[in-house]
Amino acid sequence: MATAVAMETDDAGNRLRFQLELEFVQCLANPNYLNFLAQRGYFKDKAFVNYLKYLLYWKEPDYAKYLKYPQCLHMLELLQYEHFRKELVNAQCAKFIDEQQILHWQHYSRKRMRLQQALAEQQQQNNTSGK
């Protein structure tokens, strides 16, 4: 009986840890949050830097599939470099990253829309030629 209770407690603890780490990793996609962390000295703390290294397991497909903001993995990778962590103190750096993310998203959205239109046109041609 005690073993079952301990296993349930472990499962609940693991689930909570998974949720917290998932939320934190996704917050790393926000350059303004990274700037906030840098200005408060978190990136100078060895324990915090080690925690960022530990979080690299999110790059594994079994974990990455849960991410809604995949650019967080790129930021997590960049945070492994001391030079990048130091640059994030500068608000202009965070603003530049933010702008680049928006430009990438806009380009991706336009490109995806063009691909979807081309696919729809191709399907329409296939349907009309098949009749």
Side-chain angles (χ1 to χ4, degrees):
M1 178 76 176
T3 307
V5 171
M7 286 177 59
E8 283 183 32
T9 305
D10 284 349
D11 282 350
N14 287 338
R15 198 172 318 117
L16 178 63
R17 180 178 175 176
F18 175 83
Q19 290 171 342
L20 291 172
E21 289 179 358
L22 172 63
E23 185 174 343
F24 178 73
V25 166
Q26 293 192 106
C27 286
L28 299 179
N30 182 343
N32 296 310
Y33 180 61
L34 297 178
N35 177 252
F36 170 86
L37 293 174
Q39 288 182 347
R40 280 149 187 82
Y42 283 92
F43 296 142
K44 294 177 183 174
D45 181 0
K46 271 283 199 219
F48 191 78
V49 171
N50 286 336
Y51 181 63
L52 292 173
K53 184 178 257 184
Y54 156 77
L55 291 173
L56 286 171
Y57 76 87
W58 281 97
K59 293 176 72 177
E60 298 295 323
D62 289 343
Y63 293 96
K65 67 184 178 185
Y66 295 103
L67 297 171
K68 291 183 181 179
Y69 308 104
Q71 65 270 29
C72 67
L73 294 178
H74 185 64
M75 292 299 165
L76 181 59
E77 186 69 36
L78 290 173
L79 286 167
Q80 303 306 309
Y81 299 98
E82 184 179 4
H83 181 72
F84 181 72
R85 293 191 305 265
K86 286 181 179 179
E87 288 298 320
L88 284 169
V89 173
N90 183 352
Q92 286 301 109
C93 177
K95 184 178 184 212
F96 176 77
I97 294 168
D98 192 37
E99 290 169 351
Q100 293 303 304
Q101 284 182 335
I102 290 169
L103 289 172
H104 175 74
W105 177 77
Q106 288 173 337
H107 173 74
Y108 172 78
S109 297
R110 283 190 216 114
K111 183 177 179 182
R112 184 172 178 178
M113 191 167 50
R114 284 193 302 266
L115 289 172
Q116 288 174 336
Q117 286 174 338
L119 181 61
E121 289 171 7
Q122 183 181 16
Q123 287 176 342
Q124 188 176 20
Q125 286 176 350
N126 290 344
N127 289 342
T128 55
S129 66
K131 288 185 178 180

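The structure displayed is predicted, hence computed values, not measured ones. Along the sequence shown, the residues carry numbers beginning at 1.
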>> Show me the pairs that pass side-chain hydrogen bond (donor to acceptor under 3.5 Å, both in side chains) and involve residues 26-41, at least two apart or across chains.
In response: Asn35-Gln39
>> Assess the residue pair Tyr54 and Glu21 against the criterion (side chain to side chain contact (heavy atoms under 4.5 Å, CB included)); give the C-alpha distance rounded to whole Å, side-chain angles, the decisive distance to 0.1 Å, and a yes or no.
In response: CA-CA 11 Å; Tyr54 156 77; Glu21 289 179 358; 3.3 Å; yes
> Do Tyr63 and Tyr66 have their ring centres less than 6.0 Å from each other?
Replying inline: no
>> Rounded at 0.5 Å granularity, tell me how far CG in Leu78 sits from CG in Leu52.
In response: 11.5 Å
> Are Met75 and Gln71 close enough, and set up right, to give a side chain to side chain contact (heavy atoms under 4.5 Å, CB included), and what steps lead you there?
Replying inline: CA-CA 6 Å; Met75 292 299 165; Gln71 65 270 29; 5.6 Å; no
> Are any of the side-chain heavy atoms of Leu88 and Leu37 separated by less than 4.5 Å?
Replying inline: no
> Taking all non-hydrogen atoms of both residues, which atom of Ile97 and which atom of Pro31 are closest, and how far apart?
Replying inline: CG2-CG, 3.6 Å
> Do Leu56 and Leu79 sit in the same hydrophobic cluster, where Ile, Leu, Val, Met, Phe, Trp and Tyr count as joined when their side-chain heavy atoms come under 4.5 Å apart?
Replying inline: yes
>> Are more than 12 heavy atoms, taken from residues, nucleotides or ligands other than Tyr42, located less than 6.0 Å from that residue's OH atom?
In response: no
> Is Phe18 atom CZ crowded by more than 12 heavy atoms from other residues, nucleotides or ligands, each under 6.0 Å away?
Replying inline: yes
> Considering residues, nucleotides and ligands other than Tyr69, do more than 12 of their heavy atoms fall under 6.0 Å from its OH?
Replying inline: no
> Should Trp58 and Leu28 be marked as a side chain to side chain contact (heavy atoms under 4.5 Å, CB included) after you check the CA-CA gap, both sets of side-chain angles, and the distance that decides it?
Replying inline: CA-CA 12 Å; Trp58 281 97; Leu28 299 179; over 6 Å; no
> For the residue pair Ala29 and Gln101, what are the closest heavy atoms and their distance?
Replying inline: O-NE2, 3.1 Å
>> With heavy-atom distances below 4.5 Å as the criterion, would you say the side chains of Glu82 and Arg85 are in contact?
In response: yes
> Would Tyr51 and Asp45 satisfy side chain to side chain contact (heavy atoms under 4.5 Å, CB included), going step by step from the backbone distance to the final call?
Replying inline: CA-CA 10 Å; Tyr51 181 63; Asp45 181 0; over 6 Å; no
>> To the closest 0.5 Å, what do you measure between CG (Leu22) and CG (Leu55)?
In response: 11.0 Å
> Applying the 4.5 Å side-chain criterion to the ILVMFWY set and letting contacts propagate, would Leu67 and Leu20 be lumped into a single cluster?
Replying inline: no
>> With clusters defined by side-chain heavy atoms of hydrophobic residues (ILVMFWY) lying less than 4.5 Å apart, directly or transitively, does Val49 cluster with Leu34?
In response: no
>> Please give me the minimum heavy-atom distance between Ala64 and Leu73, naming the atom from each residue.
In response: CB-CD1, 4.2 Å
